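Structure, as structure tokens:
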Protein chains: 2
Amino acid sequence: MKTDIRQAERLYSITEAAKITGFTAETLRFYEREGILSGVLRQDGRRRFSEANLREIQILTYMKKTGMSLKEIKQYFALFRQGERTFAKRLALLREHEKEVQRQMRELERSAAHLAFKIWYYETSLKEGALSFDDREALIARYCRETGRIYSM
Amino acid sequence: MKTDIRQAERLYSITEAAKITGFTAETLRFYEREGILSGVLRQDGRRRFSEANLREIQILTYMKKTGMSLKEIKQYFALFRQGERTFAKRLALLREHEKEVQRQMRELERSAAHLAFKIWYYETSLKEGALSFDDREALIARYCRETGRIYSM
DNA sequence: TATTGACTTTGAGTATACTCAAAGTAGTAT
DNA sequence: ATACTACTTTGAGTATACTCAAAGTCAATA
């Protein structure tokens, strides 16, 4: 039988956890209150965040960045805590969310293209005097020619 | 002197405008109330949206999609209505926002990569039984090898 | 022992972006 | 004339995600 030689895991105060994760202490308390984070230890009534807690918070930031709501994140974490038997469910949830992220990226690209055209329009107008929008097609054609970009609308 | 042969511009009811723009009538009213949209005509107290109004709303949707707040969009539209002398200001605002969109895209790509790794992890675990996270480096190396993707964390 | 500082809880408040309900009006169709 | 439809306004309500203030607790340092 192997001897358990693991070090006692380092624990972090809420202020430390806040510093590490980039959330405020208030926000971390809020997340715990809402049941999104759970299993945070207490010592003298004070929260002690484990490495595992911090990893969970790290995952939360990734989820958030892709536009996942706290409600969905909470669901995911709940599945996580239910152990291996929820693997398939978690996978389904992630796949669903991946689609959503891809949709977001397409939208963002479309908007960025629109923005780039607008900026070119303003730049060129400042150089040459206001360009007419009367022949929008021609304007777009010129934009594509001059910038080598593809754009249609 | 040229005769003005322009057709009287077609006007649209709020319901039509809603259908065309994809917003609800309530939302369009809200935007007008907030001073984001302005210059909407009235006939018998009813809103009549011009083509120009609809174009403005279209622009609003693009702005929104890139995560611009209604407050910022309102500012941009206000500059717009002040005429050509605000060209430079509008350009500055758009450039600023373009940076923000690029930042968003980088974030989204990072999150998507994270998500893709997670999904691969779950898929592979379902096939082979739970993969250990003990040697995270090796796991990531395997992921990159098998998918041909680049990933680091 | 007293003070300091880092925490705690409870409950309320804020910002953003809508969303809805209720009561009223104006023009059209039967 | 009456009903119907498509609007109108006012004011309140909702969801999300925090954010803050006030009063209290606990352990360590001066």
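Bear in mind the structure is a predicted one, so any value in this text is a computation, not a measurement. Letters A, B, ... are given to chains in the order of the sequence lines, protein chains preceding strands, and every chain is numbered from 1.
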For B/Tyr122, the ring pair (Phe, Tyr, Trp, His ring centres under 6.0 Å) test, sequence neighbours excluded, returns A/Phe87
For B/Glu137, which residues count as a side chain to side chain contact (heavy atoms under 4.5 Å, CB included) partner, sequence neighbours excluded? B/Asp135
Donor-acceptor contacts, no H, no angles, side chain residues 58-65 of chain A, under 3.5 Å, sequence neighbours left out:
unit_1	atom_1	unit_2	atom_2	d
A/Gln58	NE2	A/Thr61	OG1	3.3
A/Thr61	OG1	A/Gln58	O	2.6
A/Tyr62	OH	B/Arg110	NH2	3.0

If you take any heavy atom closer than 4.0 Å to DNA chain D, which residues from residues 93-106 of chain A end up in contact? none
Residue list, side chain to side chain contact (heavy atoms under 4.5 Å, CB included) with A/Tyr12, at least two apart or on another chain: A/Arg10, A/Glu16, A/Ile20, A/Phe49, A/Glu51, A/Leu54
According to side chain to side chain contact (heavy atoms under 4.5 Å, CB included), who are the partners of A/Arg85, at least two apart in sequence or on a separate chain? A/Gln82
When you check every protein heavy atom under 4.0 Å of nucleotides 8-23 of chain C, what one-letter string (B, S, -) results, 5' to 3'? BB-------SBBB---
Please list, chain by chain and in numerical order, all residues satisfying side chain to side chain contact (heavy atoms under 4.5 Å, CB included) with B/Leu11, sequence neighbours excluded. B/Leu41, B/Gln43, B/Arg48, B/Ser50
For A/Gln75, side-chain hydrogen bond (donor to acceptor under 3.5 Å, both in side chains) partners two or more places apart: none
